[in-house]
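Just so it is clear: chains get the letters A, B, ... in the order the sequence lines come, proteins before strands, and each one is counted from 1.
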2 protein chains.
Amino acid sequence: MVRMTGTKRAILDAAIEIAAERGISGTTMDDVAERAGVAKGSLYYNFASKDKLFEGLLGEGMAALTEALRGARAGTAGWAAIEVLVTTLLGSIAANTALAKVIAGDIFRTDRAWRETSFAFKHDALAEFETAIVEALPEASATGAATLMASSVFGATLMAGLQWLLFDEERPQSEVVAAILLTFSGRLAPASPSREL
Amino acid sequence: MVRMTGTKRAILDAAIEIAAERGISGTTMDDVAERAGVAKGSLYYNFASKDKLFEGLLGEGMAALTEALRGARAGTAGWAAIEVLVTTLLGSIAANTALAKVIAGDIFRTDRAWRETSFAFKHDALAEFETAIVEALPEASATGAATLMASSVFGATLMAGLQWLLFDEERPQSEVVAAILLTFSGRLAPASPSREL
DNA sequence: GTCTATAGTTGGATAGAC
DNA sequence: GTCTATCCAACTATAGAC
């Protein structure tokens, strides 16, 4: 998050809050101006258009998340890397729940002006998970399963994280991390010999 | 899916297709009328409002999915139940990808006219997964982890399923099911003695 | 039951004063 | 750099002919 003038910051904060409630398309510039406590003209002095406003907002948030995941994975590998990636992703969602909601609602849209940015972000974020998965289970790479497994781990963390923050917020974060990792631990599956892909 | 007149069906089909591309808020009644091949007046003869149109559409789809999950789980338990639930959910997403995209983009919105319906659906669908998880790992119930684990399994299947259908559609469905279940199999985690919650 | 035409409102964006 | 006032396009919804 780059430092910026109070007005610009207030506009961005208002925009993400409202978009978390109503989605981006459901957010009007009038509402943003009102919640930010500025006139609508100031929105267009600071941002070229509604699309540009949200493009910047999502781009900034996605870049920060990708960077956090990359930094977290550094120096670890395999299952340990999966543990820190899940922890870091969940922490990012908790620290910026509104942004996480907006991204979650937007991630599979293909009609956005910023779809290239969004696509690249998703690719980079999933690549961190995929790398860790391949380290933990090399044969997943050969069968092409690793990419799908990365989506699975990411999706599990995102949905459990939002479920937690929106409906069960008193629960300590450590318990949520533990529950997600427990899902991947194999304790749901019967203790069995090798399983085919 | 209830049988209905050609016009009503055409309107619903057009609405879900466009909403999958642009989201519900981004879908206009003019666009729906045009794609359905009817005049806009016919939309309002068949549905009271845009909200009622989508409320019915999502309600119908969510009810069908919940029913499919309930039926699939019947007669199984534990890990076997998780396997059929994941398979059934993935099959439903594949059979109705447009609807799945719309639901995925809408599931964490709190401002919708149909939020009660949506909330109840999510609760019922997750309950099927939670039941299976508690059968497979009874201690998850005591710690309160089971609900979060149900969200994890659901989220993993949803995200991997959409990733598959939108970006890797030639892959056979059986491989996708296998990759998701492999994520939960424990083969990512180190072979270890008992793990604390 | 479906159409055309239009009413009424909202929302993105801009002009110009301060 | 921020405000007020306004333009204009797009949208939901309705009226009334057929």
Side-chain angles (χ1 to χ4, degrees), chain A residues 1-59 102 105-106 109-115 117-118, chain B residues 1-59 102 105-106 109 111-115 117:
Chain A
M1 295 268 186
V2 180
R3 261 277 143 267
M4 47 181 64
T5 136
T7 296
K8 227 167 185 166
R9 189 71 266 162
I11 292 169
L12 290 171
D13 289 346
I16 195 65
E17 275 177 37
I18 299 177
E21 297 163 10
R22 309 179 208 172
I24 295 174
S25 301
T27 299
T28 73
M29 296 297 259
D30 283 282
D31 292 336
V32 173
E34 186 184 352
R35 183 163 322 187
V38 301
K40 192 157 60 155
S42 296
L43 263 58
Y44 286 95
Y45 176 82
N46 286 283
F47 300 94
S49 67
K50 181 185 172 183
D51 266 5
K52 289 288 180 191
L53 167 58
F54 280 101
E55 181 173 359
L57 198 48
L58 293 197
V102 175
D106 217 70
R109 292 281 289 273
T110 50
D111 63 320
R112 295 298 202 190
W114 54 84
R115 67 185 168 289
T117 309
S118 182
Chain B
M1 297 270 183
V2 180
R3 262 277 144 265
M4 48 182 64
T5 132
T7 296
K8 225 167 186 166
R9 188 72 264 161
I11 292 169
L12 290 171
D13 288 346
I16 195 65
E17 273 178 39
I18 298 176
E21 296 164 11
R22 307 178 210 173
I24 294 174
S25 301
T27 300
T28 72
M29 295 296 261
D30 281 283
D31 292 336
V32 174
E34 186 184 353
R35 183 160 325 185
V38 302
K40 192 156 57 156
S42 296
L43 263 57
Y44 287 94
Y45 176 82
N46 285 285
F47 300 93
S49 67
K50 182 184 171 182
D51 266 5
K52 288 289 179 190
L53 166 58
F54 280 100
E55 181 174 357
L57 198 47
L58 293 196
V102 175
D106 216 70
R109 292 279 290 274
D111 63 319
R112 294 298 202 191
W114 54 83
R115 68 184 165 291
T117 309

### Task
Mind listing the closest non-hydrogen atom pair of Ala19(A) and Thr27(A) along with its distance?
CA-OG1, 3.3 Å
Between [X] and [N], does any side-chain N or O lie under 4.0 Å from OP1 or OP2?
| X | N | result |
| --- | --- | --- |
| Thr28(B) | dA10(D) | no |
| Tyr44(A) | dA13(C) | yes |
| Ser49(A) | dG12(C) | no |

Please report, rounded to the nearest Å, how far the [atom2] atom of [N] is from the [atom1] atom of [X].
| X | N | atom1 | atom2 | result |
| --- | --- | --- | --- | --- |
| Met29(A) | dT14(C) | CE | P | 10 Å |
| Asn46(B) | dA13(D) | CG | P | 15 Å |
| Glu34(B) | dC11(D) | CD | C1' | 15 Å |
| Asp51(B) | dC11(D) | CG | C1' | 14 Å |
| Asp30(A) | dG12(C) | CG | P | 7 Å |
| Phe47(B) | dT14(D) | CZ | C1' | 18 Å |
| Lys40(A) | dT2(D) | NZ | P | 17 Å |
| Leu43(B) | dT12(D) | CG | P | 10 Å |

### Query
Side-chain contact, heavy-atom cut-off 4.5 Å: Val102(B) with Phe54(B)?
no
### Query
Should the pair Arg9(B)-Asp13(B) be classified as a salt bridge under the 4.0 Å nitrogen-to-oxygen rule?
yes
Closest nucleotide among [options] to the [X] side chain:
| X | options | value |
| --- | --- | --- |
| Tyr45(A) | dC3(D), dG1(D), dG12(C) | dG1(D) |
| Ala39(A) | dT12(D), dT4(D), dT2(D) | dT4(D) |
| Lys50(B) | dT12(D), dT4(D), dT4(C) | dT12(D) |
| Ser42(B) | dT2(C), dG12(C), dT14(D) | dT2(C) |

### Query
Just checking, Lys8(B) and Phe47(B): is the charged tip under 6.0 Å from the six-membered ring centre and within 45° of the axis?
yes
#### Entry: 5′-ward residue of the pair Gly26(A)/Ala48(A) relative to DNA chain C
Gly26(A)
### Step-by-step salt bridge (charged side-chain N to carboxylate O under 4.0 Å, His left out) determination, Arg35(A) to Glu21(A)
CA-CA 13 Å; Arg35(A) 183 163 322 187; Glu21(A) 297 163 10; 3.4 Å; yes
### Query
Reckon Ser25(B) touches a base, only the sugar-phosphate, or nothing at all at heavy-atom distances under 4.0 Å?
nothing
